[in-house]
A.B. asks: 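This is the structure I want to talk about, given as structure tokens.
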Amino acid sequence: MEPTTGDLVEDGWLPAVGVDGVAAQPGVLRVLTDAHMVRRLDLPVATMVPAVLRQLLLPVVLDALGAPRTRREWAGRFHQGRFSRDECERLTDYLTVRYGGRFRLFDGERPFGQVAGLQALSGEVKSSTLLMPPVASGNNVPLFSAFSEADHLDLTVTQAALWLLHAQCWDTAAIKTGAVGDPQAKAGKTTGNPTGPLGQLGVIVPTGRTLYETLILNTPVLSDGLEAPDRPQWAWDERPTTPGWVSPAGPQWSARGAGGLLDLLTFQSRRIRLIGQESVPGRRVRHVIVCAGDRLTGTPESEPHTAWHLTARPRAGQAPRRPRRHRSGRTAWQGLGALLALAVPDDGARTSLLLRQIGELRADGALAADYPLGVEISALEYGNQSAVVENAIADILPLPTVALVASDDRIRAALLECVNQADRVGRALDDLHTDLRRAAGGAVLPSGRGEQPSERLLHCVDPAMRRLLNGLRTIGDDHGFLERAQEAWELTLFEAAAREAELLQEGVPPRAVVGRVERVGGTELVFRSGKAAAVFRARLKGILRRAPKAHGSRREGAA
């Protein structure tokens, strides 16, 4: 039956898939106590995964059970495979006796993630589509949207709850409605809003075989435990008063740092009110009010879900350490350099706190070498002063835990070599394309314009890289397996690049054989199709040292 009351603890509203493959919609209490029976959350968009984990499930578990203080304690929790009877009782007490009333979407006094009675200075309300980046609303007008700002969309309780959590993490930086009771609102609006906290990161979420394992994999080891004053947003009234900081349950907001891990995870970057109304199918949310919320003054080093960009000599006003964003048009494995960056370089990338911790746990033996670790990346790309969403980035990647062990770089070096080879072969293919266009008398494509051959190449070899990553999760001490895996990868890349090159050559007109002379950088150069192909073949053999021999052996075997 469809939930209508908005009780997130008891109502069945959270889409999930069990280990048996059956879809269900448990409430928060059941999804946690039965987390070992849940394979994954089955959410409408990938960017909801970190939102639900951070805004709801992780802080409940951390606040109710505490954070592990040692890697040994973390391993004990992980290997028990499920929440113990005592832990389930503590979670039940937390979500019913202690804070059950704080997890109701339509509560008159403390609605979850909202401000009770929030009113716009203009007295107006907006369509519920304001919470949903894929749907046209205000300045945010996605291409091919079936909706306009004038349209209404009745959200079910489940949809409203999920998009509420999503907005607190990912909302655009557009001008927000001024709230009654907010002294910082001017002329009925609030300007200068940043995006939600996750909008400023390239989010990295490690995943396990069950929701329980995913929760533990996303739990940092804190030697001193959680900070004493630290509270999640629903228990803000329990933290000591801090000058300049205001409660997220009211219309006012403040620019501030995070008050600890629980505060960071449940940071309320917007003041929101869902306006529910009764209908024949049940309660629906047609209108919302979205106002300015707290502004995070900087991403703290305790942020667990991002890799970092490190600068040895930052410019004036620039932090030496800042979150690393994902790049559009690139698969997760193309960013393995950042995911596997364990050392602290003078200049470059460093992987996330949680992936570093997983490497340390593998080194301790707390995680098996063949553990099927997954990594989910997600991000939103904003445009026009971050007031609109232009693109969503999402990918899921298998990752060998042995590649995260700092003291053993064998697998890590091999993987990075494979990624580097794909990148170099792609550039060589693009250069061949450019040289062939010049030989035929065509103009050079501007950077970023049109489809490049490298994009097709990487699409072709993507399944092979994922098979390689899966295979390396079970490598053990078989050094021969690693060499054979690299040889197979090079052969796949070699043959895919050769096919793409052949298609490019078939597409040029006969005049490209004769070629033409063109001045490049003050020097006259001759461009001919035959010369371009020869240069490409030489580059390909130089990049893929193992492939020509393997390719020759395969052809001899076929003959």
Side-chain angles (χ1 to χ4, degrees), residues 46 326-340 372-377 393-400 402-403 410-436 445 447-448 450-475 481-507 532-533 535-555 557-558:
H326 301 313
R327 289 173 55 186
S328 182
R330 288 169 62 89
T331 61
W333 61 262
Q334 288 177 269
L336 273 175
L339 293 180
L340 301 180
L373 176 69
V375 173
E376 293 192 19
I377 71 164
I393 299 171
D395 200 358
I396 303 174
L397 193 69
L399 194 62
V402 290
R410 180 171 54 99
I411 304 297
R412 186 163 59 254
L415 283 175
L416 295 180
E417 181 184 2
C418 292
V419 173
N420 179 260
Q421 287 171 329
D423 185 56
R424 292 171 63 195
V425 169
R427 289 201 301 270
L429 202 56
D430 289 343
D431 289 345
L432 170 65
H433 185 217
T434 297
D435 290 348
L436 290 175
L445 282 177
S447 178
E451 184 185 47
Q452 295 288 346
S454 58
E455 296 173 20
R456 296 193 297 272
L457 172 74
L458 294 172
H459 176 74
C460 288
V461 301
D462 181 75
M465 172 55 79
R466 294 175 192 275
R467 287 195 300 271
L468 174 65
L469 290 166
N470 258 320
L472 292 180
R473 293 198 296 197
T474 60
I475 185 173
F481 180 87
L482 180 58
E483 179 63 25
R484 293 191 300 274
Q486 287 185 269
E487 183 179 288
W489 163 252
E490 287 195 18
L491 183 58
T492 298
L493 193 54
F494 182 91
E495 293 180 343
R499 285 193 301 271
E500 285 295 331
E502 186 176 350
L503 290 173
L504 290 175
Q505 290 172 261
E506 290 174 352
V535 169
F536 172 74
R537 287 194 297 269
R539 289 181 67 181
L540 197 60
K541 291 179 181 178
I543 296 168
L544 306 174
R545 296 173 286 104
R546 303 172 180 87
K549 181 179 178 181
H551 182 65
S553 299
R554 176 178 288 187
R555 296 182 68 175

A.B. asks: How many angstroms lie between CD1 in Ile411 and CG in Leu482, if you round to the nearest 0.5 Å?
C.D. replies: 4.5 Å
A.B. asks: Can you tell if the side chain of Asp431 reaches within under 4.5 Å of the side chain of Phe536, non-hydrogen atoms only?
C.D. replies: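 The answer is no, as the side chains (C-beta and beyond) never meet within the 4.5 Å cut-off.
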A.B. asks: Looking at every heavy atom in both Arg546 and Gln421, which two are closest together, and how far apart are they?
C.D. replies: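 So the two residues come closest at NH1-NE2, 4.3 Å.
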A.B. asks: Ignoring hydrogens and angles, state whether a donor on the side chain of Asp430 or Ser454 is under 3.5 Å from an acceptor on the partner side chain.
C.D. replies: yes
A.B. asks: Considering only heavy atoms from C-beta outward, does the side chain of Trp489 approach that of Val461 to under 4.5 Å?
C.D. replies: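 Of all side-chain heavy-atom pairs linking Val461 with Trp489, at least one is under 4.5 Å.
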A.B. asks: Quick check: closest heavy atoms across Leu458 and Ala422, and the distance to 0.1 Å?
C.D. replies: CD2-CB, 3.9 Å
A.B. asks: Identify the two heavy atoms, one from Gly335 and one from Arg330, that lie closest to each other, and give their separation to 0.1 Å.
C.D. replies: N-NH2, 4.1 Å
A.B. asks: Is the closest side-chain heavy-atom distance between Leu472 and Leu468 below 4.5 Å?
C.D. replies: yes
A.B. asks: Given side chains that start at C-beta, do those of His326 and Asp395 come closer than 4.5 Å, heavy atoms only?
C.D. replies: no
A.B. asks: Looking at CZ of Phe494 and CZ of Arg537, how far apart are the two atoms once the value is rounded to the nearest 0.5 Å?
C.D. replies: 9.5 Å
A.B. asks: On a heavy-atom basis, which atom in Cys418 and which in Gln486 lie closest, and how many Å separate them?
C.D. replies: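 What the structure gives for the nearest pair is SG-CG, 4.3 Å.
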A.B. asks: Please tell me if the side chains of Leu540 and Leu429 come closer than 4.5 Å, counting only heavy atoms from C-beta onward.
C.D. replies: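 The answer is no, as the side chains (C-beta and beyond) never meet within the 4.5 Å cut-off.
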A.B. asks: Just checking Arg327: does its CZ atom have more than 12 heavy atoms from other residues, nucleotides or ligands closer to it than 6.0 angstrom?
C.D. replies: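 For Arg327, atom CZ is not crowded (no more than 12 foreign heavy atoms under 6.0 Å).
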A.B. asks: Taking it one step at a time, do Thr331 and Arg466 satisfy side-chain contact (heavy atoms from CB on, under 4.5 Å)?
C.D. replies: CA-CA 11 Å; Thr331 61; Arg466 294 175 192 275; 4.1 Å; yes
A.B. asks: So Trp333 and Asp462, do their side chains get closer than 4.5 Å, heavy atoms only?
C.D. replies: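 Asp462 reaches Trp333 side chain to side chain.
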A.B. asks: Are Asp423 and Arg427 side-chain neighbours, meaning at least one heavy-atom pair lies under 4.5 Å?
C.D. replies: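 They are in contact (side-chain heavy atoms under 4.5 Å apart), so the answer is yes.
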A.B. asks: In Å, rounded to the nearest 0.5 Å, how long is the span from CZ of Arg424 to CZ of Arg539?
C.D. replies: 8.5 Å
A.B. asks: Given the rule in the side chain to side chain donor-acceptor pair (under 3.5 Å) test, do Arg473 and Asn470 qualify, once you have shown the distances and angles that lead to the verdict?
C.D. replies: CA-CA 5 Å; Arg473 293 198 296 197; Asn470 258 320; 2.5 Å; yes
A.B. asks: Just how far is it from atom CD of Glu455 to atom CG of Leu457, taken to the nearest 0.5 Å?
C.D. replies: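 Here the rounded value is 10.5 Å.
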A.B. asks: Which residues satisfy the salt bridge (Lys or Arg N to Asp or Glu O under 4.0 Å) test with Arg412, sequence neighbours excluded?
C.D. replies: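 Applying salt bridge (Lys or Arg N to Asp or Glu O under 4.0 Å) to Arg412 gives none.
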A.B. asks: Heavy atoms, side chains only, cut-off 4.5 Å: are Pro453 and Leu504 in contact?
C.D. replies: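 The answer is yes; the side chains approach within 4.5 Å.
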A.B. asks: How long is the span from the CD1 atom in Ile377 to the CG atom in Leu339, to the nearest 0.5 Å?
C.D. replies: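 Between Ile377 CD1 and Leu339 CG, I get 7.5 Å after rounding to 0.5 Å.
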A.B. asks: Quick one: CD on Glu487 to OG1 on Thr492, what's the gap to the nearest 0.5 Å?
C.D. replies: 10.5 Å
A.B. asks: Heavy atoms only: give me the nearest Leu336-Leu397 pair and the separation to one decimal.
C.D. replies: CD2-CD2, 4.0 Å
